[in-house]
Amino acid sequence: MSSQHTIIVTGGAGFIGSHLVRELVNNYPDYKIVNLDALTYAGNLENLKDIDQSDNYVFEKADIRDAAQVDHLFKKHQPDGVIHLAAESHVDRSIENPSAFVETNVMGTVHLLNAFRSLWQGQWEGKRFYHISTDEVYGTLGETGLFTETTPYDPNSPYSASKAASDHLVRAYGETYDMPYVITNCSNNYGPNQFPEKLIPLFINNIIEKKPLPVYGDGNYTRDWLFVIDHAKAIDLVYHKGVNGETYNIGGFNEWKNIDLVKVLCQQMDQALGRSAGESAALITFVKDRPGHDKRYAIDASKIKNELGWEPSVTFEQGLEKTIAWYLQNEKWLRNITSGAYQSYYESMYSNR
Ligand code: NAD
Ligand code: TYD
């Protein structure tokens with residue numbers, strides 16, 4: 001067996017996963033970083049083309065719904081750590097097809113836990129299972145208050161229910177089998193490489209194409225936004241310095257009502273595209289609300305700040321500027337995605353709104 005520290009990152013071809021894989025490959029030349037990803041509609045190896053030739057990087061195309069495949073890859077690579085991000089991640093898709101979320105997010109997580117357990121049972125020293133989760137497991141907030149690590153779980157969408165279930169299973173394997181684990185629950189991420197079904201990249205794409213910007217309901221829904229690279233840095237820190245059996249909330253200290261965020265995005269896009277002021281905002285269209293739409297998410301990230309010294313490194317303005325610049329410089333990436341399957345998803349999702 002090799003003594004090289006090996007981490008299996010699941011979902012490493014996705015939005016957050018690709019930023020994390022880059023961070024780990026660049027920061028730890030002595031490690032082996034194995035990216036296990038099924039390359040669903042949301043996975044894209046283009047996201048990693050700058051590092052995919054690195055000696056410490058391996059890609060394995062595999063589906064976490066397939067227990068035998070997961071077992072085989074765990075035996076092959078003998079991971080010391082698993083950082084588990086692979087998931088169905090979009091709330092609107094979970095409303096259309098909840099089963100897919102249970103199959104990947106719940107059963108897929110169980111398959112990873114079982115494979116890790118059967119590999120190391122009784123020899124847990126230096127091993128760690130790290131589950132990447134969301135603040136959406138806590139449900140919704142009213143006008144005030146923040147989610148802390150002790151807020152009771154109260155998920156409202158099939159997506160958040162499936163993430164809550166997988167968090168509970170990770171904890172249960174910790175309690176029952178002594179598996180060393182950590183969980184982080186993060187707020188909404190934004191940044192380069194995000195699939196254009198989520199609010200910010202969808203609206204950037206629609207502004208470029210001069211298409212309507214579908215704001216759900218009255219737009220008075222609040223989210224706490226974090227730049228994706230700051231999330232990747234937090235994950236690196238928690239993987240190395242977090243305490244086993246602990247949960248850490250990660251957030252941007254950055255709450256925005258959707259409609260206010262969209263207006264700022266429109267202003268920045270007008271400037272970046274050399275369009276006249278107000279041109280993008282004129283595309284804002286209020287559409288039918290999302291069923292079960294959570295009113296407000298906001299994270300109290302003081303535990304990770306006080307105990308591990310993490311805090312966001314970019315302001316929202318800087319992050320949004322970098323994000324817009326990336327999408328404008330990478331229109332080919334955007335066009336590759338917004339053709340084909342995405343197009344039919346988009347049409348079925350928005351045709352009746
Ligand atoms: P994403 O949808 O961009 O990427 C998901 C990745 O998982 C893709 O590469 C996809 O190919 C892969 N995948 C999906 N099903 C798979 C399967 N059955 N087997 C193997 N691979 C599979 O997601 P993201 O936004 O990068 O989110 C990553 C993780 O972070 C998820 O677990 C999500 O719940 C969590 N999270 C996301 C946010 C956010 O704002 N995006 C916030 C908090 C937590
Ligand atoms: P989203 O990016 O889907 O993330 P989440 O649902 O996980 O928070 O949505 C962010 C917010 O933007 C959420 O309140 C729903 C809203 N939204 C719209 O108003 N229009 C849209 O087309 C989308 C995709 C989201």
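Just so you know, these numbers use all the heavy atoms, side chains as well, and skip hydrogens, waters and symmetry mates. All ligand and atom numbering here is 1-based and tracks the order in the structure.
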> For ligand 1, which atoms sit closer than 4.0 Å to a heavy atom of Ser133?
Replying inline: 43 (C), 44 (C)
>> At less than 4.0 angstrom from any non-hydrogen atom of Asn188, what atoms of ligand 1 do you find?
In response: 40 (O)
> What is the nearest protein non-hydrogen atom to atom 41 (N) of ligand 1, stated with its residue, atom name and distance?
Replying inline: Ile16 CD1, 3.7 Å
> Should you measure from each heavy atom of Ser187, which atoms of ligand 1 turn up under 4.0 Å away?
Replying inline: 42 (C), 43 (C)
> Would one find an N or O of Glu88, backbone or side chain, under 3.5 Å from an N or O of ligand 1?
Replying inline: no
> How far does CG of Asp55 sit from CD1 of Ile33, to the nearest 0.5 angstrom?
Replying inline: 13.0 Å
>> Less than 4.0 Å is my threshold; does some heavy atom of Ala62 fall inside it relative to ligand 1?
In response: yes
>> Show every ring pair (Phe, Tyr, Trp, His ring centres under 6.0 Å) that has at least one partner inside residues 249-275, sequence neighbours left out.
In response: Trp256-Phe316
> Tell me: protein heavy atom nearest atom 34 (O) of ligand 1, and distance?
Replying inline: Tyr159 OH, 2.7 Å
> Among all protein non-hydrogen atoms, which one is nearest to atom 31 (C) of ligand 1, and what is the separation to 0.1 Å?
Replying inline: Leu85 O, 3.1 Å
>> Before we go on, tell me: are the rings of His240 and Tyr28 under 6.0 Å apart, centre to centre?
In response: yes
> For ligand 1, which part of Asn189 has a heavy atom less than 4.0 Å away: the side chain, the backbone, both, or neither?
Replying inline: both
>> Check whether Phe129 forms a cation-pi arrangement with Arg117 (NZ or CZ under 6.0 Å from the six-membered ring centre, at most 45° off the ring normal).
In response: no
>> Quick check with a 6.0 Å cut-off and a 45 degree axis cone: is Arg290 positioned over the face of Tyr216's six-membered ring?
In response: no
>> So if I only count non-hydrogen atoms and take anything under 4.0 Å from ligand 2, which residues does that give, chain by chain?
In response: His90, Val91, Glu136, Asn188, Glu197, Lys198, Leu199, Leu202, Phe203, Pro214, Val215, Tyr216, Tyr221, Arg223, Asn258, Arg290, His293, Tyr297, Tyr350
>> Checking ring-ring contact (aromatic ring centres under 6.0 Å, His included) between Phe195 and each of Tyr327, Trp333, Tyr190, Tyr41, which is the one that passes?
In response: Tyr41
> Who's the nearest protein heavy-atom neighbour of atom 23 (O) of ligand 1, and how far?
Replying inline: Ser89 OG, 3.3 Å
> Does Tyr190 have a non-hydrogen atom less than 4.0 Å from ligand 1?
Replying inline: no
>> Show me which atoms of ligand 1 lie under 4.0 Å from any heavy atom of Thr40.
In response: 10 (C), 11 (O), 13 (N), 14 (C), 15 (N), 16 (C)
>> Can you confirm whether the side chains of Asn35 and Tyr57 place a donor and an acceptor under 3.5 Å from each other?
In response: yes
>> I need the contact type for Tyr297 against ligand 1. Using non-hydrogen atoms and a strict under-4.0 Å cut-off, is it side chain, backbone, both or neither?
In response: neither
>> What I want to find out is whether Glu311 reaches Lys305 closely enough, with some N-O distance under 4.0 Å, to be called a salt bridge.
In response: yes
> Which residue owns the protein heavy atom closest to atom 18 (N) of ligand 1, what's the atom, and how far is it?
Replying inline: Asp63 OD1, 2.8 Å
>> Please list, in number order, the atoms of ligand 1 under 4.0 Å from a heavy atom of Cys186.
In response: 42 (C), 43 (C)
> Is Arg93 paired with Glu197 through a side-chain N to carboxylate O contact shorter than 4.0 Å?
Replying inline: yes
>> Looking only at the aromatic ring of each residue, does the gap between the centers of His168 and Tyr153 stay below 6.0 angstrom?
In response: yes
> Do His293 and Tyr221 have ring centroids that are under 6.0 Å from one another?
Replying inline: yes
> Between Gly251 and Ala301, what is the shortest heavy-atom contact and its length?
Replying inline: N-CB, 3.7 Å
> What is the minimum heavy-atom distance between Val314 and Gln318, and which atoms define it?
Replying inline: CA-OE1, 3.3 Å
>> Checking the N or O distance criterion of under 3.5 Å, is ligand 1 in contact with Ile64?
In response: yes
> Which ligand 1 atoms, with their elements, are less than 4.0 angstrom from a heavy-atom of Ile132?
Replying inline: 30 (O), 32 (O)
> Of the backbone atoms (N, CA, C, O) and the side-chain heavy atoms from C-beta on, which set of Lys163 has a member under 4.0 Å from an atom of ligand 1: side chain, backbone, both, or neither?
Replying inline: side chain
> Out of Arg128, Lys127, Lys32, which one pairs with Asp80 under the salt bridge (Lys or Arg N to Asp or Glu O under 4.0 Å) rule?
Replying inline: Lys127
>> Grouping I, L, V, M, F, W and Y whenever their side-chain heavy atoms are under 4.5 Å apart, do Ile304 and Tyr130 come out in a common cluster?
In response: yes
> Which atoms of ligand 1 have any heavy atom of Leu39 under 4.0 Å away?
Replying inline: 11 (O)
>> Under a 4.0 Å threshold between the charged nitrogen and the carboxylate oxygen, would Asp50 count as salt-bridged to Arg22?
In response: yes
> What is the closest protein heavy atom to atom 21 (N) of ligand 1, and at what distance does it sit?
Replying inline: Ala38 N, 3.1 Å
> Considering only the protein, which heavy-atom contact is closest to atom 11 (O) of ligand 1, and what is its distance?
Replying inline: Asp37 OD1, 2.6 Å
> For ligand 1, which atoms have a heavy atom of Ala13 less than 4.0 angstrom away?
Replying inline: 9 (O)
> Is the CD atom of Glu209 crowded by more than 12 outside heavy atoms at less than 6.0 Å?
Replying inline: yes
>> Counting non-hydrogen protein atoms only, what is the nearest one to atom 3 (O) of ligand 1? Give residue, atom name and distance.
In response: Phe15 N, 3.1 Å
> Less than 4.0 Å between a side-chain N and a carboxylate O, is that true for Glu279 and Lys210?
Replying inline: yes
> Under 4.0 angstrom from ligand 1, any heavy atom of Thr10?
Replying inline: no
>> Does ligand 1 come near enough to Gly14 that some N or O of the ligand is less than 3.5 Å from an N or O of the residue?
In response: yes
